[in-house]
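Have a look at the structure below before the remarks.
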Amino acid sequence: MSQFVPDWNLEDGFSNGEDVHILPMTSQKNPMGRDSEISELLWRDGHMVVHSQTDQKGAGRGSEFKLIQRHEQSTSLIQDEETASWIQNSLDHSMGSEFFSEMAGSNSISLDKLNNNAIVGSARCVKFGPTIESTSYKEDSTMLPPILQQDLKQPVSCVGNGNALNFFHFSKSSRGKSDDLVAQLSTRSIGIQGESHPCLKRKQRDTNYSKDQSEMTEESLAKKQSRNRAAEVHNLSERRRRERINERMKALQELLPHCNKTDKASMLEEAIEYLKSLQLQVQMMWMGSGMAQMMFPGQQRYISGMGMGMARASVPSMHHGVHQSLNQAFLCPTASFHAVNLENATQSAHLQGSQASFDGFLLHSQACISSPPRRLLC
Amino acid sequence: MSSRRNRVSEEEINELISKLQSLLPETRRRGAGRASAAKLLKETCSYIRSLNREVDDLSDRLSALMATLDSNSAEAEIIRSLLPS
């Protein structure tokens with residue numbers, strides 16, 4: 001007896017190179033139409049066709065599937081008795097008697113033909129539709145119609161285990177439960193290849209399979225993989241970002257004088273303080289040099305440089321008519337310096353020591369401002 | 001991986017960073033939104049370096065100016081106090 005399981009879309013094919021592609025490829029649109037539509041997959045004349053209940057173009061729709069069965073006549077496809085009985089049972093339980101009778105009818109029809117082709121497990125009548133929700137795949141081999149049961153008693157052997165049953169090529173679009181049903185059909189067949197009487201074992205594996213396979217449909221697998229990859233990429237970029245920040249922190253630490261802290265927060269605090277004190281120091285030095293230049297006109301060559309360096313605060317220039325730039329250069333730092341000083345000096349510990357001299361300097365500079373003209377004119 | 005209860009929370013660090021940002025001279029964009037931490041740290045480093053250079057220049061000038069002063073005068077004293085060393 002030929003050992004071919006009429007499994008769908010077997011990659012390794014049969015020994016004579018035949019393969020049966022029954023299911024729509026994922027790249028195709030769902031040929032079964034809308035969600036609520038009920039279609040049947042029927043095995044006719046060695047073909048699997050789709051017969052839609054709402055759409056009467058059974059044959060036409062059948063062509064939508066990638067039905068490739070090359071050796072219709074000579075092939076003897078032995079359906080796994082397990083699958084057939086299981087399908088029967090599932091349909092029994094979920095669909096009600098109506099479907100069953102219909103199926104039984106088609107069973108007999110198909111069986112005749114199938115028997116001719118030595119195809120066991122005739123009516124692969126799987127109906128898709130909302131009613132499947134309550135499907136439970138509990139076996140009950142007693143429910144099989146006698147015809148099928150008889151056939152099923154023949155020993156079943158299957159194609160080598162290397163065949164990858166690829167049920168997942170069913171269109172997964174929005175079929176939801178119906179897809180799950182088909183997926184479970186396929187996985188069932190996978191699991192029971194090569195077993196002669198899997199009926200009993202099926203019961204045990206039942207709960208495991210239905211649970212596992214529903215979680216691990218191909219789509220969710222792919223999603224998980226892509227999510228994992230995205231997470232990896234994210235982690236990598238995050239790590240690189242953190243490394244970059246750590247580098248910069250180290251460079252900053254080197255710039256800070258007398259910094260023995262290593263944690264981020266205290267280093268940042270120290271950097272802030274240091275920056276403030278540096279700014280203050282620069283301003284003071286500008287002021288000092290401005291004052292010194294004011295007192296010594298001979299140093300005028302520095303003035304322009306200083307004037308450009310200033311320009312923090314806009315201070316109304318004193319119209320002495322003499323060396324306005326100098327005055328401005330001097331007044332600017334004074335004003336801003338004054339403001340800055342009031343703001344920072346009280347906070348900064350660095351200025352404590354020089355506070356006295358600073359105050360003296362301010363007084364002095366103010367005195368200079370008030371009576372510069374005469375001295376400058378000299 | 002940092003634990004949930006850091007001693008110094010992420011928020012504090014962010015706060016410090018924005019304080020730092022406020023000190024930096026924003027030459028390009030006024031009131032710019034929060035730049036990335038790495039960029040800010042880089043700017044801080046370069047700013048500190050430029051400030052140090054400025055201090056060096058100014059101290060050169062001040063010392064030159066001081067040379068002309070009477071070393072005992074008050075002005076000289078002030079300028080000396082300004083010098084970093």
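We name chains A, B, ... by the order of the sequence lines, and we start the count at 1 in each one.
When heavy atoms are compared at a cutoff of 4.5 Å, Leu62(B) approaches chain A solely by way of its side chain, counted from C-beta outward. Heavy atoms closer than 4.5 Å to chain A are found in both the backbone and the side chain of Ser59(B).
No side-chain heavy atom of Leu255(A) sits under 4.5 Å from any side-chain heavy atom of Thr44(B).
Rounding to the nearest 0.5 Å places CD1 of Ile272(A) at 7.5 Å from OG of Ser22(B). The structure places CG of Leu268(A) at 11.0 Å from CD of Glu12(B), a figure rounded to the nearest 0.5 Å. Rounding to the nearest 0.5 angstrom, the gap separating the CG atom in Leu83(B) from the CE atom in Met285(A) is 5.5 Å. Rounding to the nearest 0.5 Å gives a distance of 7.5 Å between CG of Asp57(B) and CH2 of Trp286(A). Taking CD1 from Ile13(B) and CE from Met267(A), the interatomic distance works out to 10.0 Å, rounded to the nearest 0.5 Å. For the atom pair NZ of Lys19(B) and NZ of Lys276(A), the computed distance is 6.0 Å after rounding to the nearest 0.5 Å.
With sequence neighbours left out, Arg241(A) forms a side chain to side chain donor-acceptor pair (under 3.5 Å) with Glu238(A).
Here the shortest heavy-atom pairing between Leu65(B) and Ser289(A) reads CD1-O, 3.6 Å. Minimum interatomic distance between Gln279(A) and Leu23(B) (heavy atoms only, all atoms of both residues): NE2-O, 3.2 Å. When every heavy atom of Leu41(B) is checked against every heavy atom of Met249(A), the shortest pair comes out as CD1-SD, 3.5 Å.
Among residues at least two apart or in separate chains, salt bridge (charged side-chain N to carboxylate O under 4.0 Å, His left out) pairs with a member in residues 247-262 of chain A are Lys261(A)-Glu270(A).
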